[in-house]
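One structure is given here, and the rest of the page talks about it.
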Amino acid sequence: MMSLAARLGTLSPYLQACGPLKTLVPGAVNKEVLMKCAASGHFGARLAHTDIKIPDFSDYRRAEVLDPKASSQESSETRRAFSYLVTGSTAVLGVYAAKTVVTQFISSMSASADVLALSKIEVKLSDIPEGKNMTFKWRGKPLFVRHRTEKEIAAEESVDLSELRDPQHDKDRVSNPTWIIVIGVCTHLGCVPIANAGDYGGYYCPCHGSHYDASGRIRKGPAPLNLEVPYYEFPDEETVIVG
């Protein structure tokens, strides 16, 4: 059977301080030892240290909150207003900075003056005989300007749209029926067609056999789409500006 001394292991330091322990009879308590320890005060409550100085952080606190009895509502509202002001100012500055960066980035990507000058081409129409096609270089691509005859105009306007792979009426591809202006790049693989050639008298791409009519519409061959029509305008009857 475990002795009482073993059960009271936590009291061992106090019991040792009282002097040599005598053998305890199991189930019995040595009253003399207990009375001796009690008289010497070893069973008294252990007191906490009372000489520790609590740090004073008054130098780091705002004057408004030094008094614990004073209401902090006014200080809280002042701090909240200051926080809103700082947040709003930061947001405004951030938006302005972002706008400046985006504006400068877009400006850096814009075309320069010399590039803009080459983005348009002016063609003198009086130099192109009726029924003929002239080729110009525009933005690194061939530009076809064709002076159509009355017969060609009538033939292209009478084409049944159901027969076309890329249905477009001739009137939707020209501003002035006398002139058809297209980019001379085959829509199949980017080859340059030959003008006034092919089964339909318009344009013919000898590379893979694509045939276009006098309106630049694909009529036969592997090309999927019509020749592209760029933006252009007629400032007068003798001039066209493309781009």
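Values below: all heavy atoms of this structure, side chains included; hydrogens, waters and symmetry mates excluded.
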Test item: Asn196 and Arg146 side chains (from C-beta on) under 4.5 Å apart, heavy atoms: yes
Straight-line distance of Ser126 OG to His147 NE2, nearest 0.5 Å: 10.5 Å
Distance in Å, Asn176 CG paired with Ile181 CD1, rounded so as to fall on 0.5 Å steps: 9.0 Å
Side chain to side chain contact (heavy atoms under 4.5 Å, CB included) assessment of Trp138 paired with Ile183: CA-CA 9 Å; Trp138 177 67; Ile183 296 177; 4.0 Å; yes
Tyr203 and Phe144: CA distance, side-chain angles, deciding distance, ring-ring contact (aromatic ring centres under 6.0 Å, His included) verdict: CA-CA 10 Å; Tyr203 306 93; Phe144 293 163; 5.2 Å; yes
Salt-bridge present (Asp166, Arg217; N to O < 4.0 Å): no
CA sep, side-chain torsions, deciding dist, call: Ile218, Ser210, side chain to side chain contact (heavy atoms under 4.5 Å, CB included): CA-CA 7 Å; Ile218 182 63; Ser210 295; 4.0 Å; yes
Mutual orientation of the aromatic rings belonging to His211 and Tyr200 [parallel < 30°, tilted 30-60°, perpendicular > 60°]: perpendicular
Distance-minimising heavy-atom pair for Tyr212 and Pro193: CE1-CG, 4.5 Å
Ile128 side chain near Trp179 side chain, heavy-atom distance below 4.5 Å: yes
Check: Asp213 side chain, Gly216 main-chain N or O, donor-acceptor pair, under 3.5 Å: yes
From Ser175 atom OG to Phe234 atom CZ, the distance as rounded to the nearest 0.5 Å: 6.0 Å
Non-hydrogen atoms of Val240 and Pro235 that approach each other most closely: CA-CD, 4.2 Å
Minimum side-chain heavy-atom gap Leu143-Pro230 below 4.5 Å: yes
Evaluation steps, salt bridge (charged side-chain N to carboxylate O under 4.0 Å, His left out), between Arg148 and Glu156: CA-CA 10 Å; Arg148 300 194 300 185; Glu156 301 306 332; 5.6 Å; no
Inter-residue atom distance Cys186.SG - Leu227.CG, 0.5 Å rounding: 7.0 Å
Between CG on residue Leu125 and CE on residue Met134, distance to nearest 0.5 Å: 10.5 Å
Glu233 atom CD, over 12 foreign heavy atoms within 6.0 Å: yes
Minimal non-hydrogen separation, Tyr232 against Arg173, with atom names: OH-O, 3.9 Å
Side chain to side chain, Val182 and Ile180, heavy atoms closer than 4.5 Å: yes
Spacing of CZ belonging to Arg139 relative to NZ belonging to Lys120, to within rounding of 0.5 Å: 9.5 Å
